[in-house]
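The first residue of the sequence shown is numbered 1, and numbering continues consecutively from there. Ligands are counted one by one from 1 in listed order, and the atoms in each one are counted from 1 as well.
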Amino acid sequence: MSIVVMKFGGSSVANPERIRRVARRVGEAQDEGHQVVVIVSAMGDTTDDLIMLSRELSARPSRREMDMLLSTGEQQSIALLAIALHEYGYKAISLTGLQAGYNTDGTYAVSRICNIDSSRVRKELDEGNIVVVAGFQGLSPNGDITTLGRGGSDTSAVAMAIELQADMCEIYTDVDGVYTADPRLVKSALKLNTISYDEMLEMAAMGAGVLHPRSVELAKQYGMTLHVRTSFDHRLGTIVQEVTDMNGELEKEMVVAGVAHDMSVLRATLFNVPDQPGLASTVFGRLAQDKVNVDMIIQGSKTSDDKQNLSFISARTDADKIEQALGEMVAGGLGEKFELDDSIAKVSVVGAGMISRPGVAAKTFEVISSLGINIDMISTSEIKISCIVPEADAAKAVRALHEAFLG
Ligand code: ADP
Ligand code: ASP
Ligand code: MG
């Protein structure tokens, strides 16, 4: 009997009616003869609401307690979905991340999954249960609950699909697939039938929130096919896999797969740091130790007294860790002062086809500058070009880039 792993995001389980709809959908999969494992997120905006609640008590709540708090969101939805399934006459059992055997590396707020001991899940499946598992959470080596980072339930689902050797991991969400840009922002965005792991990974890492980047990384590593589709009807969505369907065209003209944007970034700048060997390794070594991801780095030109400015881009959610680290560096004489600026955003053009096509970068800059928007930082890889622009201009830039490359 084949195993299917189905993941439902927050909007799909936002209220009792939607939970009932998910229950019917999941039940159908069992009726078709599959063993079914369901991974669910917290209902609607529950995670955001819990964060706001904690902020009423503290500006900097402990990361351990935040994980304890946020993990309760998923615990509500698994129990409610199991209750709904019982009402429809299905055998179902809910399991927390811990009960489902997720072992993490123990880093609060951004844990990685080390392994899954799936013995309990397999036992429950063998007893005929639909197994409903809390996404986003796992157990640390010292016995604490840790979470996987915002949007992490996708990664919980892919990891479980790999562990159970499922044929496919289905990600049910509030859009009917992966689009060439966020359909909320770009009305003319097109749905993709297929997308390669590499392109999806860049899109996700550059802010296309439809999939958690680490879920795509994991799927690629283990060759797990993903199907991103809507939970509202039975339409087919987007298949994420190694080779995309080129419709028989060997070198298809699809240079750009999509345009992504990320409004959740900040730019940190350390001013007047001495231009000495080992500087970058000291700064970024410390940030890495604190598990702060750094995306783009610019070392400014030297000033007359051999000092320079150092800027980098990170997630706004890491602001407190960056403030702490840079504050200590300045106090220790490394740099004169520092500044965090969260009025910026990142816009990116992604496509495997651009490796061999010169001119994509030039066209990107031309489109942005023709809008009178100043590009603050640029980074490129073989399959993407990213620009930092003022947040207020980001939506305009995304629409213009989409029109220029995919319109
Ligand atoms: P879930 O709660 O199901 O995990 P998310 O809100 O995390 O849902 O992800 C779905 C959202 O991702 C969509 O509503 C859409 O606005 C956004 N999104 C951003 N970029 C894209 C894209 N390229 N294709 C599809 N959706 C995208
Ligand atoms: N509930 C968590 C979040 O809102 C995890 C997820 O939805 O994937 O980030
Ligand atoms: Mg999500």
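Note on Arg24 versus Glu28: no salt bridge recorded, every NZ/NE/NH1/NH2 to OD/OE distance being 4.0 Å or above. Taking a cutoff of 4.0 Å between a charged side-chain nitrogen and a carboxylate oxygen, Arg20 and Glu87 do not qualify as a salt bridge. Under a 4.0 Å N-O distance rule, the pair Arg63/Asp67 does not qualify as a salt bridge.
Considering both main-chain and side-chain atoms, Lys7 never comes within under 3.5 Å of ligand 2 through any nitrogen or oxygen pair. Considering backbone and side-chain N/O atoms, Asp182 comes within less than 3.5 Å of an N/O atom of ligand 1. In terms of polar-atom proximity, Gly149 is not counted as a contact of ligand 2, lacking any N or O under 3.5 Å from an N or O of the ligand. In terms of polar-atom proximity, Asp154 is not counted as a contact of ligand 2, lacking any N or O under 3.5 Å from an N or O of the ligand. The N/O atoms of Lys7, backbone and side chain alike, include one that comes under 3.5 Å of an N/O atom in ligand 1.
Proximity of Val175 to ligand 1, defined as any heavy-atom pair under 4.0 Å, is confined to the side chain (atoms from C-beta onward). Residue contacts with ligand 2 for His212 are absent, since no atom lies close enough (heavy atoms, distance under 4.0 Å). Contacts with ligand 1 closer than 4.0 Å are made by side-chain heavy atoms of Pro183 only, the backbone lying farther away.
Here the closest non-hydrogen pair linking Ala100 and Ile116 is O-CG2, 3.6 Å.
For the pair Ser153 and Lys7, the minimum side-chain heavy-atom distance is below 4.5 Å.
The shortest contact between atom 6 (C) of ligand 2 and any protein heavy atom is with Ser153 OG, 3.3 Å. Given atom 4 (O) of ligand 2, the protein heavy atom at minimum distance is Arg150 NH2, 2.9 Å. Atom 2 (O) of ligand 1 has Gly10 N, 3.1 Å as its closest protein atom, hydrogens excluded (heavy atom only). Protein heavy atom nearest atom 11 (C) of ligand 1, with residue, atom name and distance: Asp174 OD1, 3.9 Å. Thr173 OG1, 2.7 Å is the protein heavy atom nearest to atom 3 (O) of ligand 1. Closest to atom 14 (O) of ligand 1, if we only count protein heavy atoms, is Arg184 NH2, 2.6 Å. The shortest contact between atom 7 (O) of ligand 2 and any protein heavy atom is with Ser41 OG, 3.3 Å. Of the protein's non-hydrogen atoms, the one nearest atom 25 (C) of ligand 1 is Gly177 O, 3.4 Å. The protein heavy atom nearest to atom 1 (N) of ligand 2 is Glu74 OE2, 2.7 Å. When hydrogens are left out, the protein atom nearest atom 24 (N) of ligand 1 is Tyr179 N, 2.9 Å; that is the closest non-hydrogen contact.
Residue Gly135 places every heavy atom at 4.0 Å or more from ligand 2. Remark: distances from the non-hydrogen atoms of Ala181 to ligand 1 include one below 4.0 Å. Not a single heavy atom of Gly10 sits closer than 4.0 Å to an atom of ligand 2. The shortest heavy-atom distance from Ala189 to ligand 1 is not under 4.0 Å. Distances shorter than 4.0 angstrom do not occur between any heavy atom of Ser12 and any atom of ligand 1.
A distance of 10.5 Å separates CD1 of Ile375 from CD1 of Ile388, quoted to the nearest 0.5 Å. Separation of atoms CG (Asp295) and CD1 (Ile297) is listed at 9.0 Å; rounding is to 0.5 Å. Distance CD/Gln165 to CD1/Ile3: 8.5 Å, rounded to 0.5 Å.
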Working for side-chain hydrogen bond (donor to acceptor under 3.5 Å, both in side chains), residues Tyr102 and Asn115: CA-CA 6 Å; Tyr102 286 85; Asn115 57 66; over 6 Å; no
Verdict with reasoning, Lys220 to Asp198, per salt bridge (charged side-chain N to carboxylate O under 4.0 Å, His left out): CA-CA 8 Å; Lys220 176 179 159 71; Asp198 287 338; 3.0 Å; yes
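Taking a distance limit of 4.0 Å, we find that atom 9 (O) of ligand 1 is approached by some protein heavy atom.
A cation-pi contact, defined as under 6.0 Å to the ring centre and within 45° of the axis, links Lys337 to Phe271. For Lys363 and Phe405, the positive end sits near the middle of the six-membered ring, less than 6.0 Å away and at most 45° from its axis.
Aromatic rings from Phe232 and Tyr172 are positioned such that their centres are separated by 6.0 Å or more.
A donor atom on one side chain and an acceptor atom on the other are not found under 3.5 Å apart for Thr147 and Gln137. Residues Ser348 and Glu202 bring no donor and acceptor atom of their side chains to less than 3.5 Å of each other.
Taking every heavy atom of Val178 and a limit of under 4.0 angstrom, the matching atoms of ligand 1 come to 24 (N). Taking a cut-off of under 4.0 Å to the non-hydrogen atoms of Ser11, the atoms of ligand 1 that pass are 2 (O).
Among Ala257, Gly9, Gly209, the residue whose heavy atom lies nearest to atom 5 (P) of ligand 1 is Gly209.
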